[in-house]
Amino acid sequence: MTQISLTDIFQGYTKRRGVFKNKNTLSIAFTPENIPHREDQIKQLGMILAPLLGGEKPSNIFIYGKPGTGKSLCIKHISEKINERANGKVRTLYINCKMRRVSDTEYRLLSQLLSFFDVEVPYTGLPTDSLYNKFFKLLDEKEQNVLLVLDEIDALVKKVGDGILYNLTRINQELEKTKLTIVGISNNISFINDMDPRVKSSLSEEEVLFPPYNASEIKDILRERSLLAFNENALSPGVLEKCSALAAQEHGDARKALDLLRIAGELAERMGNEQVLKEHVDVAEKKLDRDKTMEIIKSQPKQSQCVLLSVIDLYKSGTKNIQTGDIYDVYTRMCKKAGVKVLTQRRVSDLISELDMFGILNSKVISKGRYGRTREIRLSMSLDMINKIENFLKHVLI
DNA sequence: CCTCCACAGGAAGCGCAGGAGT
DNA sequence: ACTCCTGCGCTTCCTGTGGAGG
């Protein structure tokens, strides 16, 4: 009985003509066959990495460019292509270095690398050196060519220093059988300059720059993907233009454009429309912003959440020029109420910096002369959003 | 000119959970 | 069971500092 009605539902769903033909082609996981407006970069990377095909070690590469400019995508694309040609002789290890509690320290990064070889290590207890040795042995077990892609490497270096990179580049020199090529990807251009010169010279033997897309380039990208993703005539006129324009405002972020398009499509489908309208894009933009920040906030530890709620409290009570000391006062009361351990101001100061890094807060160090030097903290979102966060945090904490 | 506020943010080290070796 | 190790979140202690008020 249940099964029958379920099949009915599913059949009804598949029979109904939605707007999507293949939604996956809009996700970040999808690597398209053709990457518009990145011909130069792909050519450059291809030339640098071509020695892999002859079993030679290419130069290490440093890639930089703003978010959503196709850095990871191009690397993924090229490594897939190379692998096809080399009959799987080239192994690509991709790591995003920013993931909290996953790859945001040297130890955790190595433990991630080891897990690619199906080696699980305890989350603490072992010396980092021993992880290096394990990794080293695994690499040198057999002859192979390994491409190590470290995405958002600037975040990691900022947090724990450039020692990791130094160690990795050194491992490379000591390997006998295996050749390890390191590809560092960074959103921040200036970051490479204040690294140890030894690391700098060995990591950025080659540099590739990914400039932001402009609105018409983003539109090209969207058009191409929309042909794969949507049914014919599912997009009303102006939808692509709107997505492109919105994303171009945000330093030419193609990923944002794709997200907008996908969410707009989902909204249209959910509302039973046969066409995606410009209005859907408007709603999608709000939803995208909201979802992103909520996602980050949910993943924060309780202590950070307390800090954030304190900032919101101050904001709502009309305090202007919110500073660290104010926050700490409210924060201590908040913790007691929520039954959470009160951390020191030093630590809270770091938590504020973290929230700043995630883009949830804006903090700026200012000097008020006689009245000291502190950080001024501002919330950079709509009142609507602040209310939403407040509700969520109160629900979770109190 | 100097002073002095209210912190920023670096350095060191502590305690805990969890290894490895004996 | 014991010792001795480690990484990590956190505390403790510290020095540094831009500029308004004197």
Side-chain angles (χ1 to χ4, degrees), chain A residues 95-115 117-138 154-168 171 188 190-191 194-196 296-297 299-308 310-311 314-315 319-336 338-358 360-378 397:
Chain A
I95 288 206
N96 185 311
C97 307
K98 209 180 166 180
M99 302 202 14
R100 204 168 227 283
R101 303 225 160 228
V102 176
S103 53
D104 57 351
T105 68
E106 187 169 22
Y107 185 93
R108 305 213 256 238
L109 178 76
L110 283 163
S111 129
Q112 274 295 103
L113 286 174
L114 287 168
S115 73
F117 295 88
D118 296 318
V119 176
E120 297 301 326
V121 291
Y123 68 88
T124 179
L126 297 183
T128 308
D129 278 3
S130 76
L131 295 207
Y132 270 113
N133 288 335
K134 277 197 171 76
F135 184 52
F136 187 93
K137 277 200 189 122
L138 279 168
D154 45 334
L156 183 62
V157 168
K158 198 173 172 191
K159 200 177 167 202
V160 293
D162 53 14
I164 306 166
L165 295 176
Y166 180 67
N167 291 336
L168 282 174
I171 274 195
N188 187 342
S190 60
F191 132 94
D194 35 56
M195 281 198 315
D196 187 313
I296 298 172
I297 291 171
S299 73
Q300 294 301 315
K302 271 202 159 56
Q303 296 293 354
S304 284
Q305 294 181 341
C306 273
V307 173
L308 182 57
S310 307
V311 177
L314 282 161
Y315 174 82
T319 316
K320 47 182 167 50
N321 307 330
I322 302 172
Q323 54 191 56
T324 310
D326 303 337
I327 295 177
Y328 192 66
D329 288 344
V330 180
Y331 163 83
T332 31
R333 271 183 277 134
M334 189 83 68
C335 283
K336 280 175 189 156
V340 179
K341 193 176 169 249
V342 182
L343 301 180
T344 54
Q345 181 158 338
R346 179 69 187 84
R347 180 66 187 139
V348 168
S349 167
D350 279 345
L351 292 181
I352 294 173
S353 303
E354 269 177 46
L355 288 170
D356 185 19
M357 281 237 295
F358 282 116
I360 306 216
L361 299 175
N362 282 323
S363 83
K364 206 170 97 197
V365 184
I366 53 151
S367 177
K368 298 189 296 165
R370 170 114 302 209
Y371 306 102
R373 212 164 107 84
T374 181
R375 261 192 309 207
E376 208 172 85
I377 288 96
R378 288 186 299 116
L397 295 169

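Each chain gets a letter, A, B and so on, in the order its sequence line appears, and its residues count up from 1. When reading the values below, keep in mind they use all heavy atoms of this one structure, side chains included, and skip hydrogens, waters and symmetry mates. Small disclaimer: the values here were computed from a predicted structure and weren't measured.
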Any heavy-atom pair between the side chains of A/Met99 and A/Gln112 that's under 4.5 Å? no
Among B/dA6, B/dG9, C/dG9, the one nearest A/Arg375 by side-chain distance: B/dG9
Could you please name the option among C/dG7, B/dC7, B/dA11 that lies closest to any side-chain atom of A/Arg346? B/dA11
Is a side-chain N or O of A/Asp350 found less than 3.5 angstrom from the main chain of A/Arg347, in a donor-acceptor match? no
Measure all distances between protein nitrogen or oxygen atoms and nitrogen or oxygen atoms of nucleotides 19-22 of chain B, and list the pairs falling under 3.5 Å.
none

Tell me whether the OP1 or OP2 atom of C/dG9 has a side-chain N or O from A/Arg108 closer than 4.0 Å. yes
Is there a side-chain contact between A/Lys137 and A/Phe117, using heavy atoms and a 4.5 Å cut-off? no
Which atom pairs link the protein and nucleotides 20-22 of chain C when you take only N or O atoms and keep those under 3.5 Å?
| unit_1 | atom_1 | unit_2 | atom_2 | d |
| --- | --- | --- | --- | --- |
| C/dA20 | O4' | A/Arg370 | N | 3.3 |

Report which part of the nucleic acid A/Val342 touches: base, sugar-phosphate, or nothing (heavy-atom distance under 4.0 Å, all strands). sugar-phosphate
Between B/dA8 and A/Arg373, is there an OP1 or OP2 to side-chain N/O distance shorter than 4.0 Å? no
Checking B/dA8, C/dC8, C/dC10 against the side chain of A/Ser349 (C-beta onward), the nearest is B/dA8
Rounded distance (nearest 0.5 Å) linking atom CD1 of A/Ile171 with atom CG of A/Asn133: 8.0 Å
Considering only heavy side-chain atoms of A/Gln323, the closest of B/dA8, C/dT12, B/dC7 is B/dC7
Touch class at under 4.0 angstrom, heavy-atom based, for A/Thr128 against every strand present: sugar-phosphate
Looking only at side-chain N and O atoms, does A/Thr105 come under 4.0 Å of OP1 or OP2 in C/dC8? yes
Distance (rounded to the nearest 0.5 Å) between A/Glu354 CD and A/Gln303 CD: 11.5 Å
pair A/Ser353-A/Arg375: side-chain heavy atoms closer than 4.5 Å: yes
With a 4.0 Å cut-off on heavy atoms, is A/Glu106 in touch with a base, just the backbone sugar-phosphate, or nothing at all? nothing
Take A/Lys158 and A/Asp154, measure what salt bridge (charged side-chain N to carboxylate O under 4.0 Å, His left out) needs, and give me the verdict at the end. CA-CA 6 Å; A/Lys158 198 173 172 191; A/Asp154 45 334; over 6 Å; no
